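So the structure is just underneath, and the comments pick up after that.
Just so it is clear, the model here is predicted, and its values are computed rather than measured. Side-chain atoms are counted along with the backbone in the values below, which use heavy atoms only and exclude waters and symmetry mates.
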Amino acid sequence: MSRMPRTPTEHIEHVEHVEHVEHSRHFPDTGSASRTRRTGRTGRTGRAGLAAACCALLIAASTACEAPGRADAETRVRQSVERLGEWDTVSVTVRVEAPADEIHAFLRRNHERGIGPAVSRTDALLLSRMETALVFGADRPLKDLGGKDRLDTAAAVNFGNRDVAAYKSVGADFYVRADWTRLAHETNRSRGTVVQAAELARSADGLPPSLAAARDMFEGRWVQIDPEEFDHFARAVGGKYGERAQRLANSVDILQSARAQHHVIGAVRRALDDHAVLRDAGRADGTERVRVTLPAREAADGLARTLAPLEDRFDGIGFSWLERAPDRRVTAELALRDGVLSGMTVDLAQFTGETGAGEPVEIPLAMSFAPGSAVPVKAPEGARWLDPQDVMAAVLYEELGSPRP
């Protein structure tokens with residue numbers, strides 16, 4: 001069953017009017033919804049932000065270098081993105097290409113300098129092995145999308161073998177799946193919530209038919225959810241999950257809203273137009289290299305100003321991380337193969353100014369671009385609707401029904 005689609009509020013229409021002269025002026029649809037089942041609301045932790053950034057790069061870069069008189073390297077980059085955009089589906093694979101020991105040492109030193117949270121050896125090992133596949137799809141070539149056209153998205157995370165967590169945002173529907181047993185193993189059973197879910201997965205077959213959706217969720221099958229309902233439920237129950245649920249709901253909003261998508265795309269496009277300098281960086285093994293340089297602080301300040309309306313609309317999303325951009329020029333390297341954008345590498349260490357005792361530390365974040373779908377961007381068959389109350393009921397059923405020593 002579906003809820004009624006949302007309609008724009010007067011506030012959004014007013015902001016759109018004020019922002020008319022901006023590069024991007026699109027904001028998320030909002031509105032009320034009844035308690036009847038809605039086929040999903042909308043669907044970045046970083047993961048949602050990363051998805052939005054990749055999405056913005058793909059589309060914004062195709063128009064960021066169109067001014068006459070630009071250097072030849074910039075023309076080739078624009079054309080390489082346009083060729084990738086001739087497809088209706090594009091996949092982006094993201095990974096950190098550094099050993100776990102180097103990642104751990106880098107993050108530990110940054111934490112000691114007041115940059116970032118404390119990170120365990122297990123966390124660093126996971127980062128070194130983690131690969132995230134992001135997919136963006138539409139019903140037409142991506143380069144032909146207009147300001148009111150939205151992208152369907154999907155993502156999956158793995159640690160060198162099968163996927164352990166995934167989501168799909170298709171139309172107005174949002175689906176999730178997690179292999180809790182594998183996640184508990186990969187995280188060395190260091191996450192209490194994951195361990196509890198893995199334990200529930202072992203006995204999920206004993207749940208009553210009325211909790212079939214919760215059983216599917218614990219057993220790693222696709223389920224359909226409304227993140228906003230989980231947000232409301234977490235707020236009502238209280239505790240440590242309220243803020244996380246709110247961020248999830250708002251991140252999903254941004255991913256699923258055409259207006260928000262194009263707002264982010266426009267913000268990135270403006271930053272590239274105003275600050276980026278592209279230069280040839282050589283050729284090797286049939287791949288062209290182009291180096292992109294921009295002043296991090298200036299670009300971040302501009303992005304923060306342009307994205308501010310989204311932060312106002314989606315309380316809890318926040319773009320405060322932009323305030324931590326270093327006051328220096330940073331670089332990224334693009335790879336073009338056969339005239340098509342195939343990759344981008346960014347050294348994360350340059351954003352903190354971190355250097356080792358001798359040679360500079362390098363923590364490369366690598367993105368690979370390819371036409372086609374690494375994760376099918378279509379609604380999974382047989383996915384049941386999952387209410388947050390069902391999850392709570394399943395947990396209570398297990399606690400009350402399981403024998404205790």
Side-chain angles (χ1 to χ4, degrees), residues 44-54 57 92-134 155-161 164-165 183 185-191 194 244 247 251 268 271 275-276 281 289 291-301 303-304 318-335 343-369:
R44 293 343 99 69
T45 76
R47 298 279 182 270
L50 181 59
C54 292
L57 173 70
V92 185
T93 302
V94 185
R95 61 195 176 279
V96 178
E97 295 187 334
D101 288 340
E102 292 183 12
I103 294 174
H104 186 227
F106 169 71
L107 294 176
R108 187 186 66 248
R109 287 192 296 269
N110 281 325
H111 176 65
E112 292 170 352
R113 297 164 58 197
I115 304 174
V119 176
S120 68
R121 181 68 173 75
T122 298
D123 294 329
L125 181 61
L126 288 175
L127 283 172
S128 70
R129 298 177 55 227
M130 183 172 69
E131 182 177 89
T132 302
L134 304 157
V157 177
N158 72 76
F159 295 104
N161 42 44
V164 295
L183 272 172
H185 171 75
E186 295 289 356
T187 57
N188 198 27
R189 301 183 68 83
S190 61
R191 304 291 193 278
V194 173
R244 298 178 187 175
R247 285 200 302 267
S251 298
V268 175
H275 303 288
R289 304 288 177 180
R291 184 167 292 112
V292 183
T293 305
L294 73 165
R297 177 67 58 78
E298 293 180 31
D301 288 346
L303 271 175
F319 296 100
S320 60
W321 54 273
L322 290 170
E323 299 174 0
R324 297 191 292 272
D327 190 14
R328 67 175 69 91
R329 301 187 73 81
V330 296
T331 63
E333 187 171 273
L334 304 181
M344 180 174 75
T345 303
V346 181
D347 179 14
L348 299 179
Q350 66 185 319
F351 291 94
T352 65
E354 167 71 7
T355 58
E359 294 297 321
V361 173
E362 292 187 2
I363 307 294
L365 177 71
M367 300 182 187
S368 300
F369 303 90

Mind checking whether Val96 and Ile363 have side chains closer than 4.5 Å, heavy atoms only?
yes

Sorted by chain and residue number, the side-chain hydrogen bond (donor to acceptor under 3.5 Å, both in side chains) partners of Asp123 (sequence neighbours excluded) come out as Ser120, Arg191

Rounded to the nearest 0.5 angstrom, the CG-CD1 distance for Leu127 and Ile103 is 5.5 Å

Across all chains, not counting sequence neighbours, the side-chain hydrogen bond (donor to acceptor under 3.5 Å, both in side chains) partners of Arg329 are none

When every non-hydrogen atom of Leu294 is compared with those of Ala276, the smallest separation belongs to CB-CA, 4.1 Å

Sorted by chain and residue number, the side chain to side chain contact (heavy atoms under 4.5 Å, CB included) partners of Ala300 (sequence neighbours excluded) come out as Leu322, Ala325

For Glu97, the side-chain hydrogen bond (donor to acceptor under 3.5 Å, both in side chains) test, sequence neighbours excluded, returns Arg95

Check whether any side-chain N or O of His104 sits under 3.5 Å from a backbone N or O of Val119 as a donor-acceptor pair, and report yes or no. yes

So OG1 of Thr132 and CG of Asn158: to nearest 0.5 Å the spacing works out to 8.0 Å

Residues at least two apart in sequence or cross-chain that pass salt bridge (charged side-chain N to carboxylate O under 4.0 Å, His left out) with Asp347, listed by chain then number, are none

CZ (Arg291) and OG1 (Thr345) are apart, to the nearest 0.5 Å, by 11.0 Å

One should read off an interatomic distance between Glu362 CD and Gln350 CD, to the nearest 0.5 angstrom, of 9.5 Å

Rounded to the nearest 0.5 Å, the NE2 atom of His275 sits from the CD atom of Glu298 at a distance of 6.0 Å

So CG of Leu134 and CZ of Phe369: to nearest 0.5 Å the spacing works out to 9.5 Å

By side-chain hydrogen bond (donor to acceptor under 3.5 Å, both in side chains), Arg108 pairs with (sequence neighbours left out) none

